[in-house]
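All chains are named by letter (A, B, ...) in the order of the sequence lines, taking the proteins before the strands, and each is independently numbered beginning at 1.
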Amino acid sequence: MLEYVFILPLLSFAVAGVILAFGKWLPGRGASAGIAVAAWGFAQAAILFTKAIQGKLALPYEVSIPWFSVGSTQATLGVYVDGLTIAMLVVVTAVSLLVQIYSIGYMRGDPRFKRYYAYLSLFTASMLGLTISDNMLVFFMCWELVGVCSYLLIGFWFEKPSAAYAGKKAFITTKLGDLGFLVGLLSLFYCTGTFRISEILELAHIGFIPPAAAGAAAILLFLGAVGKSAQFPLLIWLPDAMEGPSPVSALIHAATMVAAGVYMVARLYAVYALSPVALDTVAWTGAITALTAASMALVCFDLKRVLAFSTVSQLGYMMLGLGAGGFTAGMFHLTTHAYFKALLFLAAGSVIHAVHTNDMREMGGLKNKMPVTYITFLLGALALVGIPPFAGFFSKDAVLAAALARNPYLYAVGAVAAAMTAFYMARALVMTFHGEPKDMKKYDHAHESPPVMTGPLILLAAASVVSGWALSRHEIFERLVNFEGVLPFELHHVSHGAVALYAGTVAVLSMGLGAWLYKSKPGIPAMLRGKFAPVAGLLDRRYGLDAFFLKFVALGDRLSSVLFIFDLNFLDAIAIDGWAWLTEKLSRIQRWFDDNVVDAAVDATGTVTLCAGRLARLAQTGIVQNYLLFIAVAVSVFAALAFAG
Amino acid sequence: MTLSHYLALSGVLFTIGLFGVLTRRNIIGILMSIELLLNAANINFVAFNRFLYPGQHLGQLSVIFVITLAAAEVVVGLALVMAIYKNLKSAYVEDYNILKG
């Protein structure tokens, strides 16, 4: 069973190539192949998961083969599977499968249909590779592949300038974090001398790595996660990533791209656990992210962007959970979030498919037209908000409890963000599905999506409803992914019940308030918006983060201008041109030498030969008798010599 | 009459022949001078045979060979002369300078 895990990413990689090359002749223009592989992968992951929670697997499982060696360092290719890996595998394969099925309907008639499926498979393959890799080198390769795939898919409709821009933005912004990741990876290698995850974890457990070094490496690595998982302040790429097709957003936001950062922190959690500073960095970054992103979502009118900000905010929760010492809580939230966020994006995609706009101000009243989408969206929203007994309630409650156990301030930030979450989800729900239709033409045109799209919605809705309860029952999830190391700080004892009660109450109240405001008193939010225009503007501008990074980029631009001038006037003028000048002079000398010495020698040889030939010619008179005379004289002379001798 | 007389005669004859070969302008004359050279050699053969090995006839035998050879040589030589004459329209050796470098 475990021996075949390595096939999962390889098969996905292969099928991506097959779809790209032969998709035209495959049934469904390649969709069938991608879906078949994803379904098989999900089946494998599900079996693994079942066996793992029954305790039938010997975990952690590790196997590796040598890849190449540099000096005494051996790089390996291999598989490392533990509970964390299996939990992640289930999430990735499940969401990937449902997204691919849903895309049949959503992408129907797209001219680059088969390329789309190839990219999806490649994306899944990269994420699976990252999940099961036994060493950080392959992990990093897959990490970058995920980045490439996100670039390809966000900019999938690259005819739109905004999509092309968003793709570039996502790629470059995450690259900024990857720089830190690479440096962190190398410093970790410097401390441990190995890239293998199992060895790194082992060395961290026995305390071989100095805490300061571990903290530095962990924070640098976390920079990569900040980019990939859209944490503050590198969260700017994620709202723009909404330019991609909606199912891609679902895949990116639920299972692949953004989960990679969280998974990385969880994977190397033993290293993080060595340093309280690193954990606090993670926790506070997460908390700030959760709050800022949630506040941005409050004023956004683009349905998908509201969900995008919500994703950023929820990723902040996961980081908060991990950083506060709630390893299980963070991963639990990742798992449940994957289902309800994929659901919300796919449902939003269904809405957008029907009304052809992202703007919630042009929607409204769609619940009658699209009942399945409405119900599933509602369930997803309830799960996200954390209304008991939906999935989000269990996981978010666990995160908040972990935060409270670590630090009350962390908890306070998280709780405020949770209230905001409930509010903006109520707002989005009401604006989209309730009330009067704002745009009758679009409303009349709207229709329920085909079963191939609603099917995945229903399945995800089911998962969103039960996954939290099911996984927290008998502490299934906790036993699966439990972190067995020692945390660097004492956790306060907190009553889960109190936190849950508080979180549930806040969620219900806040959601109720949002729903009431937007449904019955739509004038009040508008009035508030007008009154607090500077605040709304600040939120709309995403706290100026975009502008800041544009400035940052502009600064880079200016720096490159300076470098260009330096290049032109110094490097080019002095070094390159000077070298050319020197070379030219040298060759002139060489040419003189060649002309006057080497060639002269050659010519002299010729001249000497010529003169000698002329001299010898004199003897050749052409008169036969002269020759005879020479012969006669020579014979006489030799005869005389012979007699004399 | 001693061997020296014969050898002197032979030497004179050879010198005359050599002189002819080297100085005659006419190719026919040169051929004739070559005959003189051969005959000078013939006299030597016969004289040496007569005075050194009186009972034997090896010298005479050689002479007959030489005479035969001379006849053949003249045939070949005259044929060559004819061929050259046809090409160069001249019987004078100073005109035969196509080997001149």
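Annotation: Phe566(A), atom CZ; neighbour count of heavy atoms from other residues, nucleotides and ligands within 6.0 Å is above 12. Atom NZ of Lys86(B) has 12 or fewer neighbouring heavy atoms from other residues, nucleotides or ligands inside a 6.0 Å radius. The environment of CZ in Phe156(A) is crowded: more than 12 heavy-atom neighbours from other residues, nucleotides or ligands sit within 6.0 Å. Other residues, nucleotides and ligands contribute more than 12 heavy atoms inside 6.0 Å of the NZ atom of Lys175(A).
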Kindly list each side-chain donor-acceptor pair under 3.5 angstrom involving residues 606-615 of chain A, sequence neighbours excluded, with atom names and distances?
residue	atom	partner	partner atom	Å
Thr607(A)	OG1	Asp603(A)	O	2.7
Thr609(A)	OG1	Thr605(A)	O	2.6

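Residues of residues 2-27 of chain B lying within less than 4.5 angstrom of chain A, judged on heavy atoms, are Leu18(B), Val21(B), Leu22(B), Thr23(B), Arg24(B), Arg25(B) in numerical order. Near-neighbour residues of residues 32-67 of chain B relative to chain A, defined by a heavy atom under 4.5 Å from a heavy atom of that chain, are none.
Legend: residues meeting salt bridge (charged side-chain N to carboxylate O under 4.0 Å, His left out) with Arg115(A), ordered by chain and number and at least two apart, are absent.
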